[in-house]
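Predicted model only: the values in this text are computed from it and were never measured. A note on names: the letters A, B, ... follow the listed sequences, proteins ahead of strands, and every chain is numbered from 1.
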Amino acid sequence: MKQKIQNLILSAATGAYKNGELPSSEFPDVEIEAPKIESHGDFSTNIAMIMASIQKMPPRKIAEAIIKHIVDHDKILAKTEIAGPGFINLFINKTSWHFVLRKIHEEGAEYGASSIGNGKKIQVEFVSSNPTGPLHVGHGRGAAVGDAVANILLFCGYDVKKEYYINDSGRQINTLGLSVFLRYKELLGEKIEFPENCYQGDYIREFAEEVRKSRGNKLIEEDEASAVNYCARYAAGNIIDDIKKDLKSFGVTFDRWYSEQSLYDSGKVDNVLSDLRKRKLVYEKDGALWFKTRDYGDEKDRVVVRNNGLTTYFASDIAYHQDKFDRGFEQIIDVWGADHHGYIPRIAASIEAYGHNKDQFNVILVQLVNLLRGGEPVAMSTRTGEFVTLKDVIKEVGPDAARFIFLTRHYESPLDFDLEVAKKKTNENPVFYVQYVHARISSIVRKGREMGISSVTRDDKAIAMLKEPEEIHLIKTMARYPEVVRYSARLMEPHRITFYLMELASSFHAYYNKHRVLADDPLLTGGRLYLVLAVKKVIKNGLTLLGVSAPEKM
RNA sequence: GCGCCUGUAGCUCAGAUGGAUAGAGCAACGGACUUCUAAUCCGUAGGUCGCAGGUUCGAAUCCUGCCAGGCGUACCA
């Protein structure tokens, strides 16, 4: 529809120029927008105001000339007017909206899909939590955002792959192993002082118990390094398995789980380091090896090899991001916690140093989640091991409520997640509000079937019966859906779809309360069923992008 | 100190590329169930868009300076 209007305006402007009513043929991009206020029409354009300086004419005069030359072959316009400083407002014939319904029914689950991605190979890496403990709510938000972004990009014609990077190397893992080993020794009766920087959670004791069961007291006889290593591998392996399970029950799957250790094993980190040396992008100082990230916009240079000979995480991250490009991805998106934002410039620097464009690298910084219960903060501390896991949250409120709530905010905005609200079945909790639309429509269809309406097919006469303001409003709202999806993809902002769904749900509930779908007139009933089934499709379509289910019954 | 993010109704938040009278939900108040699920709807009330300048036909949106909050500023991960 928007496209049609755009063409209409452009050819009108051209017509006005040919007729000598506009001095210049230089036209800016025609921007058509839907005004917020209904009395300003279905669409409006500011073209006359933008052209004013080019044409050297007052905006309202330009608007006049354009309107005069609009040729409306399909008779979609009911009215045009010039308003304010020079807006052209266009009012669409009510019945001209009806084609949207046919489009939705024809395209079904594909309604709103597009090819703006052009098959571009794009990778979304998210969660990537260290395998040193269970996932908590913050990871859940990252998972919901990353997964939804991937879904939306896929829907818009990108070739998307989802990846989880496992930090299964380095000191953190060693600390994990040490933590388990110490608890294990404790179980065998040794008195030990448990260090503060070790992992405190109860899950560590459970691993120690399992190790004791399978290995008895044999581990204590080995040398400590290999015993710790054994514990580390054992614990990390189990934690990863749990993380996979938790994410699966959250509806999140990955195309690939990429191991950091494998970057070392395959020599990719060494290759990067020798390559950096060869290209003189690194230098030695104070016994350490520094990457000249400053040359690429970072505020200071960064260490890749410490003076004790060990590589930093940055070193493997360079290799990892390099490997992403080597695998053919043209665009890479990392979903990180907001506390990592200081890390962006150095990764961006390394990417640029390797000849890629900084634009090919995006970071979605997800702000933290405050967990509440009935308005009271829930104590969260990873250090002491007192935290509510993602698993607990899913168990308590269900995956749908959790995912939806995670996506009700711009990711850059901190989010309060109240467990009590997430369980509420009122308007305070938008998940049910949206899902309820789907269930309600399903219920209407069931009821209709009882009354003998076995199927709903397209019937133009029935569709022509749809003239109520609430009906036209619903159709207009649905007509906007494809555009919402495209913005959501372009800006990588899934919350736009969440808000759209709440708006569509609101339009539907208002309509439902005012008009009966199963009316006395069979023709009208047919038209209205056709309408609400379109709503049902759009709701399901959007919920699917967010990874939320659309129930037939509630 | 420097850098990033945030500041919009009592509360929680939307407001892409600058547009006309800044919008939802909650809370408050008043209404609507013999009818397709009241997990719903309708109405009332609520605003110096942190502050001050600037840019222009036009600013919540762009620029500058300040104020407040969060985070980051490791040879940590």
Side-chain angles (χ1 to χ4, degrees), chain A residues 29 31 33 35-37 39-40 44-46 49-50 52-53 58-59 83-87 89 130 132 167 169-173 175 197 285-290 298-300 302-314 317 337-345 365 367-368 375 408-410 412-416 418 421 424-437 439-448 450-451 483-484 486-488 490-491 493 495-496 498-500 502-503 505-506 508-519 525 528-529 532 553-554:
Chain A
D29 286 341
E31 284 179 36
E33 59 177 27
K36 288 173 203 158
I37 298 154
S39 65
H40 290 153
S44 78
T45 176
N46 57 1
M49 283 137 77
I50 293 179
S53 61
F87 288 102
N89 294 341
N130 293 334
T132 53
N167 286 116
S169 167
R171 210 177 83 175
Q172 223 169 196
I173 286 294
T175 306
N197 61 356
K285 194 183 97 188
D286 305 332
L289 193 66
W290 299 71
D298 200 1
E299 58 181 301
K300 55 183 277 195
R302 307 288 176 178
V303 170
V304 285
V305 182
R306 291 186 271 162
N307 63 7
N308 62 7
L310 295 176
T311 52
T312 60
Y313 265 48
F314 182 39
D317 278 337
D339 52 342
H340 287 79
H341 76 255
Y343 208 68
I344 297 174
L365 282 180
Q367 283 288 342
L368 61 105
T408 51
R409 294 277 182 284
H410 188 116
E412 271 178 359
S413 170
L415 168 69
D416 288 338
D418 195 311
V421 174
K424 270 192 197 166
K425 292 173 178 172
T426 67
N427 228 339
E428 256 180 283
N429 187 358
V431 199
F432 296 110
Y433 186 76
V434 174
Q435 287 182 320
Y436 189 37
V437 172
R440 261 188 160 169
I441 295 170
S442 304
S443 171
I444 294 171
V445 171
R446 281 195 297 272
K447 196 85 180 178
E450 281 170 28
M451 290 165 55
E483 198 179 5
V484 171
R486 282 198 298 274
Y487 285 140
S488 184
R490 200 168 295 153
L491 302 165
E493 294 178 351
H495 77 281
R496 288 173 183 279
T498 317
F499 279 90
Y500 170 82
M502 291 194 274
E503 190 189 333
S506 169
F508 173 78
H509 286 311
Y511 174 59
Y512 178 93
N513 271 275
K514 189 154 179 191
H515 303 285
R516 278 189 67 82
V517 174
L518 303 171
T525 301
R528 287 183 170 173
L529 277 170
V532 298
K553 262 186 190 169
M554 285 172 76

- prompt: Starting at the 5' end of RNA chain B, which residue's closest nucleotide do you reach first, A:Arg516 or A:Thr408?
  reply: A:Thr408
message: Please classify the nucleic acid contact of A:Arg496 as base, sugar-phosphate, or nothing, using heavy-atom distances under 4.0 Å.
response: sugar-phosphate
- prompt: Expressed in angstrom and rounded to an integer, what is the separation of A:Asp416 atom CG from B:rG70 atom C1'?
  reply: 13 Å
field: Strand partner of B:rU44, provided both Watson-Crick or wobble distances fall under 3.5 Å
entry: B:rA28
message: Expressed as a whole number of angstroms, how long is the span from A:Tyr433:OH to B:rU12:P?
response: 22 Å
task: Go through A:Arg302 and A:Tyr343 one step at a time and tell me if the side chain to side chain donor-acceptor pair (under 3.5 Å) criterion holds.
output: CA-CA 10 Å; A:Arg302 307 288 176 178; A:Tyr343 208 68; over 6 Å; no
- prompt: Heavy atoms under 4.0 Å, any strand shown: does A:Lys553 hit a base, just sugar-phosphate, or nothing?
  reply: base
- prompt: At what distance, to the nearest 0.5 angstrom, does CZ of A:Arg516 lie from CD1 of A:Ile444?
  reply: 9.0 Å
query: Which nucleotide, B:rA14, B:rC75, B:rU40, lies nearest any side-chain atom of A:Arg306?
result: B:rC75
query: Expressed in angstrom and rounded to an integer, what is the separation of A:Asp418 atom CG from B:rA27 atom C1'?
result: 15 Å
query: Tell me: CD of A:Gln172 to P of B:rC76, nearest whole Å?
result: 13 Å
- request: Report yes if a donor N or O on one partner sits less than 3.5 Å from an acceptor N or O on the other, where the partners are the side chain of A:Asn89 and the base of B:rA20; otherwise report no.
  value: yes
- prompt: If you measure from the P atom in B:rC5 to the same atom in B:rC42, how many Å do you get, rounded?
  reply: 38 Å
field: Whether A:Asn429 side chain and A:Val421 backbone form a donor-acceptor pair below 3.5 Å
entry: yes
field: Distance, P atom - from B:rC62 to B:rG31, rounded to whole angstrom
entry: 45 Å
task: Using the C1' atom as the reference point in each nucleotide, state the distance between B:rA59 and B:rU17 in Å, no decimals.
output: 14 Å
- request: Sticking with atom P, work out how far B:rG10 lies from B:rA28, rounded to a whole angstrom.
  value: 16 Å
- prompt: Of the candidate nucleotides B:rC41, B:rC75, B:rA77, which contains the atom at the shortest distance from the side chain of A:Ala510?
  reply: B:rC41
message: Nearest to the side chain of A:Arg440, heavy atoms from C-beta on, is which of B:rA38, B:rC75, B:rC5?
response: B:rA38
query: Across the strands shown, which category fits A:Asp286 at heavy-atom distances under 4.0 angstrom: base, sugar-phosphate, nothing?
result: base
message: Check for me: is A:Phe87 stacked on B:rA20 by the 5.5 Å centroid and 30° plane-angle rule?
response: yes
task: Consider the side chain of A:Tyr343, meaning its heavy atoms from C-beta on, and name the nucleotide among B:rC75, B:rA77, B:rU35 that approaches it most closely.
output: B:rA77
message: Both conditions, 6.0 Å and 45 degrees, for the charged tip of A:Arg440 above the ring of A:Tyr512: are they met here?
response: yes
query: Which whole-number value in Å describes the distance from A:Arg302 CZ to B:rG72 C1'?
result: 10 Å
statement: Of the listed B:rC76, B:rC4, B:rC36, the closest approach to the A:Lys447 side chain comes from B:rC36
- request: Identify whether any heavy atom of A:Gln435 sits under 4.0 Å from a base atom; if not, whether one sits that close to sugar-phosphate; answer base, sugar-phosphate or nothing.
  value: nothing
query: What nucleotide among B:rA14, B:rC5, B:rU12 has an atom nearest to a side-chain atom of A:His495?
result: B:rA14
- request: Give A:Pro345 one of three labels, base, sugar-phosphate or nothing, depending on what nucleic acid heavy atoms sit under 4.0 Å from its own.
  value: nothing
- request: Name the nucleic acid region contacted by A:Asp339, choosing base, sugar-phosphate or nothing; use a 4.0 angstrom heavy-atom cut-off, strictly under.
  value: sugar-phosphate
field: Whole-angstrom distance between B:rA45 and B:rC36, as gauged at atom P
entry: 33 Å
field: A:Thr525 (side chain) donor-acceptor with A:Leu518 (main chain) under 3.5 angstrom
entry: no
field: Pairing partner (Watson-Crick or G-U wobble, both distances under 3.5 angstrom) of B:rC4
entry: B:rG70
query: Using a cut-off of 4.0 Å on non-hydrogen atoms, how would the nucleic acid contact of A:Leu491 be classed: base, sugar-phosphate, or nothing?
result: sugar-phosphate
message: Check this for me: A:Arg446, atom CZ, are more than 12 non-hydrogen atoms of other residues, nucleotides or ligands nearer than 6.0 Å?
response: yes
task: Rounded to the nearest angstrom, tell me the gap between atom CG in A:Asp298 and atom P in B:rC4.
output: 13 Å
- prompt: Hey, does A:Tyr512 reach any base, or is it just sugar-phosphate, or nothing, if we go heavy atoms under 4.0 Å?
  reply: base
- prompt: Between A:Glu503 (CD) and B:rG15 (P), how many Å, whole number?
  reply: 12 Å
query: What is the base-pairing partner of B:rC49, counting Watson-Crick and G-U wobble geometry with both distances under 3.5 Å?
result: none
- request: Identify, between A:Ser169 and A:Ser413, the residue whose nearest nucleotide on RNA chain B lies closer to the 5' end.
  value: A:Ser413
message: Give me syn or anti for B:rC11, where syn covers glycosidic angles within 90 degrees of 0.
response: anti
- prompt: Taking the side chain of A:Phe432 as its heavy atoms from C-beta onward, which of B:rA39, B:rU12, B:rA77 lies nearest to it?
  reply: B:rA39
query: Are the side chains of A:Gln367 and A:Leu415 in touch, meaning some heavy atoms are under 4.5 Å apart?
result: no
field: Proximal nucleotide (of B:rC75, B:rU73, B:rG19) relative to the A:Glu299 side chain
entry: B:rU73
query: Parallel, tilted or perpendicular: which describes the rings of A:His410 and A:His495, with under 30° parallel and over 60° perpendicular?
result: tilted
- prompt: Which whole number of Å gives the distance between the P atom of B:rA60 and that of B:rG54?
  reply: 15 Å
P atoms of B:rC13 and B:rC76, separation to the nearest Å: 37 Å
query: If we take the P atom in both B:rA68 and B:rA74, what is their distance in whole Å?
result: 24 Å
query: Do A:Asn46 and B:rG19 have a side chain to base donor-acceptor pair shorter than 3.5 Å?
result: yes
message: For a 4.5 angstrom cut-off between non-hydrogen side-chain atoms, does A:Val304 reach A:Thr311?
response: no
- request: With the side chain of A:Arg409 defined as its heavy atoms from C-beta on, choose the nearest nucleotide among B:rC76, B:rC36, B:rU12.
  value: B:rU12
- prompt: What is the distance, rounded to the nearest whole Å, between atom CG of A:Asn429 and atom P of B:rC13?
  reply: 15 Å
task: Would you mind classifying the nucleic acid contact of A:His509 as base, sugar-phosphate or nothing, using non-hydrogen atoms under 4.0 angstrom?
output: sugar-phosphate
message: Given B:rA38, B:rC13, B:rC75, identify the nucleotide with an atom nearest to the side chain of A:Trp290.
response: B:rC75
field: Base B:rG72 to side chain A:His340, donor-acceptor N/O within 3.5 Å cut-off
entry: no
task: Measure distances between side-chain N and O atoms of A:Ser44 and base N and O atoms of B:rA20, and say whether any donor-acceptor pair falls under 3.5 Å.
output: yes
